[in-house]
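A short write-up of the structure that comes next.
Indexing begins at 1, ligand by ligand and atom by atom, following the structure's order. Keep in mind the model is a prediction, meaning the values are calculated, not measured.
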Amino acid sequence: MAARSRLIDLASIPTVAQLYRTKKLLPAESIDSAFPASQHLNDSIALILNDITKLDIDCIVNAANNSLLGGGGVDGAIHRAAGPQLVEECSELDGCDTGDAKITKAYELPCKNVIHTVGPIYWDRSQRQRQDSSQPETLLRSCYRTSMELAMQHGLKTIAFPAISTGVYGYPIDLAARAVTQEVRQFLETHAGVPNALHKVIFCNFEPRDMNVYAQMFTQFLPPTPEDLRIADQSAGPGVTNGI
Ligand code: APR
């Protein structure tokens, strides 16, 4: 029973709007006009520091490898929590290309599905030699985009991402957070109002240092709306310095 009590439901995962309104996120000094404030975005993107295997939502994304047969890090955590049937299903998928995504059931996990994606290996020079230096960023953005597209194709409304490629694959967390925050913003803007539109995209970090990086990126690319600021002004206390 103890394990079950540690599950995190959607209502417990704060959106960007809620983080501003409770002063857990403080506005940046200056706003980049290329990224105007949007209530739709601030209500649709969420951030939490937790173990992604505990999230009781529609789907969680796994930072897998090309074999899809499990590994360490979040891949290991997801397979351990899902149980042996997950790797059995994965073994029938014939692997996954870097930047692509494939979906499976979730078995003993609280979520409904797992979307497995393979991030770029940042220090793998072969990826750079093949194309221009943006190759790792292009592939990383593709991981998030193809995972969200796959979730929509399966009618899933809430999806959580770990910080893909920023562990074993060595992608600098600040560069990754910058790229994927913009990618998710762009995807939600482009797909707003379409049938099967996603309701929540959650960034689920495991390291406190990652939370602070995402908090900084959110203040730059997901600024508060006037309503977010109005409510924040009414709430007591000085707020934190984006150390969520
Ligand atoms: N919940 C959420 N995030 C987690 C969890 C967890 N339980 N465990 C680890 N993480 C975070 C790490 O802190 C890191 O920020 O996931 C992020 C991605 O790190 P890795 O799991 O190392 O994934 P990645 O860098 O994409 O490397 C993938 O590692 O485990 C192998 O099989 C995997 O070969 C693949 C490679």
>> Once you restrict to heavy atoms under 4.0 Å, what part of N205 touches ligand 1? Side chain, backbone, both or neither.
In response: neither
>> Taking 4.0 angstrom as the limit and counting only heavy atoms of G71, give me the atoms of ligand 1 inside it, by number and element.
In response: 30 (O), 32 (O)
> For F206, what residues pass the ring-ring contact (aromatic ring centres under 6.0 Å, His included) criterion, not counting sequence neighbours?
Replying inline: none
> Considering all heavy atoms of both residues, which atom of K105 and which atom of E89 are nearest to each other, and what is their separation?
Replying inline: N-OE1, 3.1 Å
>> Using a 4.0 Å cut-off to any heavy atom of D210, which atoms of ligand 1 qualify?
In response: 15 (O)
>> Suppose we measure from atom 11 (C) of ligand 1 to each protein heavy atom; which comes out shortest, and what is that distance?
In response: F206 CB, 4.0 Å
> Measuring to protein heavy atoms, does anything land under 4.0 Å from atom 14 (C) of ligand 1?
Replying inline: yes
>> Tell me whether G170 has any N or O atom under 3.5 angstrom from an N or O of ligand 1.
In response: no
>> Are the side chains of V74 and I52 in contact, using a 4.5 Å heavy-atom criterion?
In response: yes
> Nearest heavy-atom pair of C143 and G119: which atoms, and what distance?
Replying inline: SG-CA, 3.6 Å
> Do S165 and ligand 1 have an N or O pair less than 3.5 Å apart?
Replying inline: yes
>> So for atom CG, which belongs to D94, do other residues, nucleotides or ligands contribute more than 12 heavy atoms lying within a distance under 6.0 Å?
In response: no
> Considering only protein heavy atoms, which is closest to atom 21 (O) of ligand 1, and at what distance to one decimal place?
Replying inline: V74 N, 2.8 Å
> Can you tell me if T53 has a non-hydrogen atom under 4.0 Å from ligand 1?
Replying inline: no
> Is any side-chain heavy atom of L198 closer than 4.5 Å to a side-chain heavy atom of F187?
Replying inline: yes
>> Suppose we measure from atom 7 (N) of ligand 1 to each protein heavy atom; which comes out shortest, and what is that distance?
In response: D51 OD1, 3.0 Å
>> With heavy-atom distances below 4.5 Å as the criterion, would you say the side chains of C96 and K102 are in contact?
In response: yes
>> As a test of understanding, state which of D75, T104, D100 forms a side-chain hydrogen bond (donor to acceptor under 3.5 Å, both in side chains) with H116.
In response: T104
> What residue and atom, counting heavy atoms only, is the protein's closest point to atom 25 (O) of ligand 1, and at what distance?
Replying inline: G167 N, 2.8 Å
> What heavy-atom pair brings H40 and L188 nearest, and what distance separates the two atoms?
Replying inline: NE2-O, 3.7 Å
> Of the protein's non-hydrogen atoms, which lies at the shortest distance from atom 33 (C) of ligand 1, and what is that distance?
Replying inline: D75 OD2, 3.6 Å
> So which protein heavy atom does atom 22 (O) of ligand 1 come closest to, and at what separation?
Replying inline: V168 N, 2.9 Å
> At their closest point, which heavy atom of L93 faces which heavy atom of I103, and how far apart are they?
Replying inline: CD1-O, 4.3 Å
> Going by the atom numbers of ligand 1, which of them fall below 4.0 Å from some non-hydrogen atom of E207?
Replying inline: 13 (O)
> Do L47 and M211 have side chains that get closer than 4.5 Å, going by heavy atoms?
Replying inline: yes
> Which residue holds the protein heavy atom closest to atom 31 (C) of ligand 1, what is that atom called, and what is the gap in Å?
Replying inline: G72 N, 3.7 Å
>> Could you identify the single nearest non-hydrogen protein atom to atom 18 (C) of ligand 1 and state the distance to 0.1 Å?
In response: A163 O, 3.3 Å
> Got an N/O contact under 3.5 Å between A77 and ligand 1?
Replying inline: no
>> As an exercise, identify every atom of ligand 1 less than 4.0 angstrom from a heavy atom of A63.
In response: 23 (O), 26 (O), 28 (C), 33 (C)
